Chemist: 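There's a structure below that I have some questions on.
Residue numbers start from 1 in every chain, and the chains themselves are labelled A, B, ... in the order their sequence lines are given, proteins ahead of strands. All of these numbers come straight from a predicted model, not from anything done at the bench.
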2 protein chains.
Amino acid sequence: MNLTVEELSLWRLLQRAQVRIAGRLEAELVEAHDLALASYEVLSQLAAAPGRRLRMNDLADRVLLSRSGLTRLVDRLQREGLVVREACESDARGLFAVLTGAGLDRLKEATPTYLRAVRTHFLDALDGDDVRRCRSMLAKLGVV
Amino acid sequence: MNLTVEELSLWRLLQRAQVRIAGRLEAELVEAHDLALASYEVLSQLAAAPGRRLRMNDLADRVLLSRSGLTRLVDRLQREGLVVREACESDARGLFAVLTGAGLDRLKEATPTYLRAVRTHFLDALDGDDVRRCRSMLAKLGVV
DNA sequence: GCACAGTAGATGCGCGCGCAACGTTTTAAG
DNA sequence: CTTAAAACGTTGCGCGCGCATCTACTGTGC
């Protein structure tokens, strides 16, 4: 089966959209809260996790970062007091990244900005049907 | 208007899909042709442009890179002989990035890999309706 | 009990990128 | 013509990331 030009350009357009939206989210978060998008994602994932903690490994997967990348990012967040590392009792190799009170505060501060930006730059352009269709496409793509 | 959890997670899923697909394209291009995705995009854009040349500025926009980022990328491609810089007669500030014969060869070599990867990791999962719907969504998002 | 592969996370290293600043050229205003 | 402002591309700089490697620990098989 051959690719039409339509189909081919679709991937580039998607990439373009993703980069543009991510750039805007990042810009607004940095501007308003001096918080990088990746940092926001970490705080957000931790806040949603039971015990506000996640193994470094799990966390890395969720925020689309390599293990080493996450190590440094958590270093930085820990330096800012937003996160701490705690040993894992059941596995002495493992560490939890744990959200601190300050981290939760910072997250709560930034969340309205994040939500507004996602709405403004992404969801507002779509109707309910688009959202459903998009979800189904993402499911087909295996991102679950 | 409030965001449902469904809607909220949509953006993260989209990001996930984009990162995953781009990663696979890049991996296959590097593996088979020692060519980074960004480099492929540059060669591809140049090949499609009239005279196989594009102003640095235009090119930067098309490949989603900052001006300085493109400067370095073109440096590398030029070092490899895939691209050359040529002065712009009508505007002495401007430079063209021009695809060389070797660059075109390299592009032709890599293109089947690229197309196959885009098909395998993206388009194969979608039907014609998805493609149309996706295009319409991207249009709504203003990526045109 | 002891080796041995596998896993978790940290670290050395290099690379690609963006930002801010710069020199050059063009354009606009007076 | 003169001067100011904007545009084009490059460069210095620092940062965040991934890969490969390392150490420490786990668990499997004998």
Chemist: Report the distance from atom CG of B/D58 to atom C1' of D/dG9, rounded to the nearest whole Å.
Modeler: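 Rounded to whole Å, this separation is 13 Å.
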Chemist: Does OP1 or OP2 of D/dG9 have a side-chain N or O of B/N57 closer than 4.0 Å?
Modeler: yes
Chemist: What is the distance from CG of B/D61 to P of D/dA7, rounded to the nearest Å?
Modeler: 13 Å
Chemist: So, A/R132 and A/D129, do they make that salt bridge, N to O below 4.0 Å?
Modeler: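 Result for this pair is yes, salt bridge flagged.
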Chemist: Give a yes or no on whether a salt bridge exists between B/R55 and B/D61, defined as a side-chain N under 4.0 angstrom from a carboxylate O.
Modeler: no
Chemist: If I take atom CZ in residue A/F96 and atom C1' in nucleotide C/dA8, what distance separates them, rounded to the nearest angstrom?
Modeler: 12 Å
Chemist: Produce a footprint string for nucleotides 1-6 of chain D: one letter per nucleotide, 5' end first; B if the base is under 4.0 Å from any protein heavy atom, S if only the sugar-phosphate is, - if neither.
Modeler: ------
Chemist: So A/D75, base contact, sugar-phosphate only, or nothing? Heavy-atom distance under 4.0 Å.
Modeler: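 Here A/D75 touches no strand at all.
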Chemist: Under 4.5 Å between any side-chain heavy atoms of B/R12 and A/S44, yes or no?
Modeler: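 Side-chain contact under 4.5 Å: yes.
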Chemist: N/O contacts under 3.5 Å, protein versus nucleotides 15-21 of chain D?
Modeler:
{"unit_1": "D/dG16", "atom_1": "O5'", "unit_2": "A/R76", "atom_2": "NH1", "d": "3.4"}
{"unit_1": "D/dC17", "atom_1": "OP2", "unit_2": "A/R76", "atom_2": "NH2", "d": "2.7"}
{"unit_1": "D/dG18", "atom_1": "OP2", "unit_2": "A/S66", "atom_2": "N", "d": "2.9"}
{"unit_1": "D/dG18", "atom_1": "OP2", "unit_2": "A/S66", "atom_2": "OG", "d": "2.5"}
{"unit_1": "D/dG18", "atom_1": "N7", "unit_2": "A/S68", "atom_2": "OG", "d": "3.1"}
{"unit_1": "D/dG18", "atom_1": "O6", "unit_2": "A/R72", "atom_2": "NH2", "d": "3.3"}
{"unit_1": "D/dC19", "atom_1": "N4", "unit_2": "A/S68", "atom_2": "OG", "d": "2.8"}

Chemist: Please determine, for the side chain of B/T71, which listed nucleotide (C/dT26, D/dC8, D/dT11) has the closest atom?
Modeler: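 Taking heavy atoms from C-beta onward, the closest nucleotide is D/dT11.
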Chemist: Quickly work out the B/R55 CZ to D/dG9 C1' distance and round it to whole Å.
Modeler: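 Nearest whole value for this atom pair: 9 Å.
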Chemist: Is the shortest side-chain heavy-atom distance between A/R85 and A/F96 below 4.5 Å?
Modeler: no
Chemist: Which nucleotide wins on minimum distance to the side chain of B/L95, given the candidates C/dT26, D/dT10, C/dG9?
Modeler: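 Of all the options, the side chain of B/L95 is nearest to D/dT10.
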